[in-house]
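Below is one structure, written out as structure tokens; comments come after it.
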Amino acid sequence: MPRRVDQSRCHVPAGRGSTVCVLDVGSTKVACLIAKLKPAPEEDLLTGRTHAIEVIGYGYQQSRGVKSGAIVDLDKAEHAIRRAVDSAEQMAGLTVESLIVAQTAGRLSSENFGAKVDLDTGAVREADIRRVLAASGRHQIPDGRIALHALPIGYTLDGQDGIRDPRGMVGDTLGVDVNLVTSDRSAQDNLALLINRCHLDVDAMVATPYASALASLVDDEGELGAVCIDIGGGTSTIAIFADGNLVHVDAVAIGGHHVTMDIAQGLSIRLEEAERLKTLHGSAVASGIDERAMLTIHPVGEEDGTSPIQIPRLTLNAIIRPRVDEILEMVRDRLVRSGFSGRIGRRIVMTGGGSQLTGLTDVARHVFGRPVRMGRPLGVKGLPIAARGAAFSAVIGLLIYPQLAPAALFEASGRSSGTIARLGRWLRESF
Ligand SMILES: Nc1ncnc2c1ncn2[C@@H]1O[C@H](COP(=O)(O)OP(=O)(O)OP(=O)(O)O)[C@@H](O)[C@H]1O
Ligand SMILES: [Mg+2]
């Protein structure tokens with residue numbers, strides 16, 4: 001069995017510095033970052049952050065043994081992780097023992113529920129907040145699922161909702177609304193097992209869309225309500241923020257790699273060539289005269305050495321478009337189903353490597369019927385240019401996560417009990 005995850009170990013309190021190691025085992029790439037988090041004045045930082053982040057070691061590798069975010073070959077995946085972590089360690093000049101890890105697999109989903117307690121004294125004391133959070137921690141998780149995050153998203157007093165900090169207020173009944181993010185237990189266990197096989201411990205598992213949103217939402221987007229959509233290689237994930245809280249996550253097992261496979265099949269070419277064609281010449285929208293430009297491809301024939309042929313760009317783009325429509329329509333349907341579609345206004349942020357396909361945001365504007373902006377990870381120093389793009393939002397978001405202790409009050413770990421969690425050290429520190 002994988003070793004138990006203790007989420008509280010990754011918390012970096014405001015005012016204190018720390019070195020943080022993070023890992024994203026994606027379907028396309030494995031990325032490891034080691035960074036120094038230094039406390040900094042609010043005016044020097046992006047909204048919501050308490051620390052300046054400087055990357056001192058990085059390593060990234062083509063992923064192996066991972067399909068749609070799930071581990072399909074432990075040996076291959078272990079090898080890719082070891083190489084990425086080794087590079088980061090060598091560059092930083094230190095040895096990584098444990099890290100914060102992104103989790104994409106296991107049908108990520110959110111459930112919002114409430115818990116209530118009676119107030120003995122008529123006023124809310126810190127002990128009452130502990131009691132109501134403890135009550136919510138007894139919420140039962142379905143068999144086969146495991147809690148990843150249990151985030152208080154607001155308090156209620158005698159039925160009045162939307163209270164951010166009820167301490168000192170008067171009333172008879174205190175309630176808390178919680179966003180519980182869960183995944184299939186086996187997906188998390190196998191990810192933890194894989195990390196343990198690399199002789200590393202897991203400090204915390206963070207849902208990929210949550211991490212991506214932390215890196216790419218800016219200013220007041222999270223407060224006003226926004227959705228961050230991470231289009232990866234094998235998955236597309238969404239995180240919805242409202243009133244500064246993560247209120248919903250979802251994931252679909254489809255991404256940029258499906259576009260590449262369609263091209264490879266449609267044109268009878270190898271996957272590497274399809275990938276190159278897609279990134280260099282592909283577009284999700286037709287672009288007038290350019291569409292007639294001719295591209296040279298090398299179909300895979302029955303015999304070696306089949307001669308190259310020419311196809312118009314139009315043919316390539318006609319293969320790309322239906323898959324992009326499918327991905328974005330699936331994401332839109334999940335957004336509508338979440339019930340939060342009305343809360344995000346016009347703030348739709350797309351990130352992840354797959355979002356970089358030319359024309360994808362134009363199609364997204366059409367599918368969502370609202371403006372869409374491309375999001376890149378922001379506010380991190382020391383990264384090479386290749387790791388500053390949208391594909392690195394999730395791994396960079398993992399560096400931001402430890403600064404958010406007050407938002408993540410639970411040790412989300414109920415492995416044996418089937419309930420959410422026991423209260424973590426963070427809670428005791430926070431109140
Ligand atoms: N410039 C580009 N144009 C089009 N597609 C791109 C571009 N750059 C990267 N991609 C696509 O992005 C995808 C990889 O994205 P990313 O690195 O975010 O995935 P991942 O995190 O490894 O996978 P996942 O999150 O699904 O587990 C690939 O399908 C790749 O083809
Ligand atoms: Mg990813």
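Numbers here simply count residues along the sequence, with the first being 1.
Considering only heavy atoms from C-beta on, H149 comes within 4.5 Å of Y401 through its side chain. Using a 4.5 Å heavy-atom threshold, the side chains of L217 and V349 count as touching. Side-chain atoms of L193 and D189, non-hydrogen and from C-beta on, never get closer than 4.5 Å to each other. V96 is listed as a side-chain neighbour of L200, based on a closest heavy-atom distance under 4.5 Å. Contact of the L133 side chain with the P152 side chain is registered, since non-hydrogen atoms from C-beta on lie closer than 4.5 Å.
Judged by distance alone, the side chains of T95 and E89 never bring a donor and an acceptor atom under 3.5 Å apart. For the residue pair S98 / D203, a side-chain donor-acceptor distance below 3.5 Å is found, with atom types taken as modelled.
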(request) For the pair S283 and T358, evaluate side-chain hydrogen bond (donor to acceptor under 3.5 Å, both in side chains) and give the outcome as yes or no after the intermediate values. (result) CA-CA 5 Å; S283 173; T358 307; 5.5 Å; no

(message) Does L180 form a side chain to side chain contact (heavy atoms under 4.5 Å, CB included) with L151? I'd like the steps, not just the answer.
(response) CA-CA 6 Å; L180 174 65; L151 305 168; over 6 Å; no

(message) Under the criterion side chain to side chain contact (heavy atoms under 4.5 Å, CB included), I'd like the reasoning laid out for T182 against L148: C-alpha separation, chi angles, the key distance, then a yes or no.
(response) CA-CA 5 Å; T182 60; L148 203 51; over 6 Å; no

(request) Using the side chain to side chain contact (heavy atoms under 4.5 Å, CB included) rule, take L194 and I81 through it: C-alpha gap first, then chi angles, then the decisive distance, then the call. (result) CA-CA 9 Å; L194 172 63; I81 294 173; 3.5 Å; yes

(request) Report the C-alpha separation of Y60 and V30 in whole Å, then their side-chain angles, then the decisive distance to 0.1 Å, and conclude whether the side chain to side chain contact (heavy atoms under 4.5 Å, CB included) test is met. (result) CA-CA 5 Å; Y60 41 91; V30 174; over 6 Å; no

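The salt bridge (Lys or Arg N to Asp or Glu O under 4.0 Å) check on D220 picks up nothing, with sequence neighbours excluded. Under the side-chain contact (heavy atoms from CB on, under 4.5 Å) criterion, D73 pairs with D75, K76, not counting sequence neighbours. Shown here are the side chain to side chain donor-acceptor pair (under 3.5 Å) partners of E326, two or more places apart in sequence or in another chain: R323. Under the rule for a side-chain contact (heavy atoms from CB on, under 4.5 Å), the partners of I309 that lie at least two apart in sequence or sit in another chain are I297, P299, I311. Shown here are the salt bridge (Lys or Arg N to Asp or Glu O under 4.0 Å) partners of R321, two or more places apart in sequence or in another chain: D325. Shown here are the side chain to side chain donor-acceptor pair (under 3.5 Å) partners of D243, two or more places apart in sequence or in another chain: R343. Among residues two or more places apart in sequence or in another chain, the side chain to side chain donor-acceptor pair (under 3.5 Å) test is passed with S109 by R145. Remark: E273 engages H298 in a side chain to side chain donor-acceptor pair (under 3.5 Å) (not counting sequence neighbours).
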Output side-chain donor-acceptor pairs under 3.5 Å for residues 223-242, partner residues at least two apart or in another chain, one line each.
| from | atom 1 | to | atom 2 | distance (Å) |
| --- | --- | --- | --- | --- |
| E223 | OE1 | R164 | NH1 | 3.3 |
| E223 | OE1 | R164 | NH2 | 2.9 |
| D230 | OD2 | S212 | OG | 2.6 |
| S236 | OG | I254 | O | 2.7 |

Solution key, residues 365-386 side-chain donor-acceptor pairs under 3.5 Å, sequence neighbours excluded:
| from | atom 1 | to | atom 2 | distance (Å) |
| --- | --- | --- | --- | --- |
| R365 | NH1 | D362 | OD1 | 2.8 |
| R365 | NH2 | V372 | O | 3.3 |
| R370 | NH1 | S341 | O | 3.2 |
| R370 | NH1 | G345 | O | 2.7 |
| R370 | NH2 | S341 | O | 3.4 |
| R370 | NH2 | S341 | OG | 2.8 |
| R373 | NE | E221 | OE2 | 3.0 |
| R373 | NH2 | S216 | O | 2.8 |
| R373 | NH2 | E221 | OE1 | 2.9 |
| R373 | NH2 | E221 | OE2 | 3.4 |
| R376 | NH1 | R388 | O | 3.2 |

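Within the structure, salt bridge (Lys or Arg N to Asp or Glu O under 4.0 Å) pairs that include any residue of residues 22-39 comprise K38-E54 (at least two apart or interchain). Each side chain to side chain donor-acceptor pair (under 3.5 Å) pair with one or both residues in residues 247-261, not counting sequence neighbours, appears once here: D250-R334, T260-E275, T260-K278.
Taking a 6.0 Å sphere around CD of E42, one finds it holds 12 or fewer heavy atoms contributed by other residues, nucleotides or ligands.
In this structure, D177 contributes its side chain and G114 its backbone to no donor-acceptor pair below 3.5 Å. A distance-only check finds no donor-acceptor pair linking the side chain of D262 to the backbone of I319 [under 3.5 Å]. With hydrogens and angles ignored, the 3.5 Å screen pairs a side-chain donor or acceptor of S338 with a backbone N or O of F340. In this structure a side-chain-to-backbone donor-acceptor pair under 3.5 Å is missing from Q61 to R83. With H51 contributing its side chain and I400 its backbone, the two residues share no donor-acceptor pair below 3.5 Å.
A distance of 9.5 Å separates CG in L99 from CG in L398, rounded to the nearest 0.5 Å. For the atom pair T50 OG1 and R16 CZ, the distance stands at 12.0 Å (nearest 0.5 Å). Between the CG atom of L360 and the OG atom of S355 there is a distance of 6.5 Å, given to the nearest 0.5 Å. Put simply, CG on D201 and CD on E97 are 8.5 Å apart, with the number rounded to the nearest 0.5 Å. For the atom pair CG of N190 and CD1 of I195, the computed distance is 11.0 Å after rounding to the nearest 0.5 Å. Taking CE of M205 as the start and CG of L23 as the end, the distance is 9.5 Å to the nearest 0.5 Å.
For E78 and R82, the salt-bridge test passes: some basic side-chain N is under 4.0 Å from an acidic carboxylate O.
Counting all heavy atoms, side chain and backbone alike, L108 lies closest to S183 at CD2-CB, 4.0 Å.
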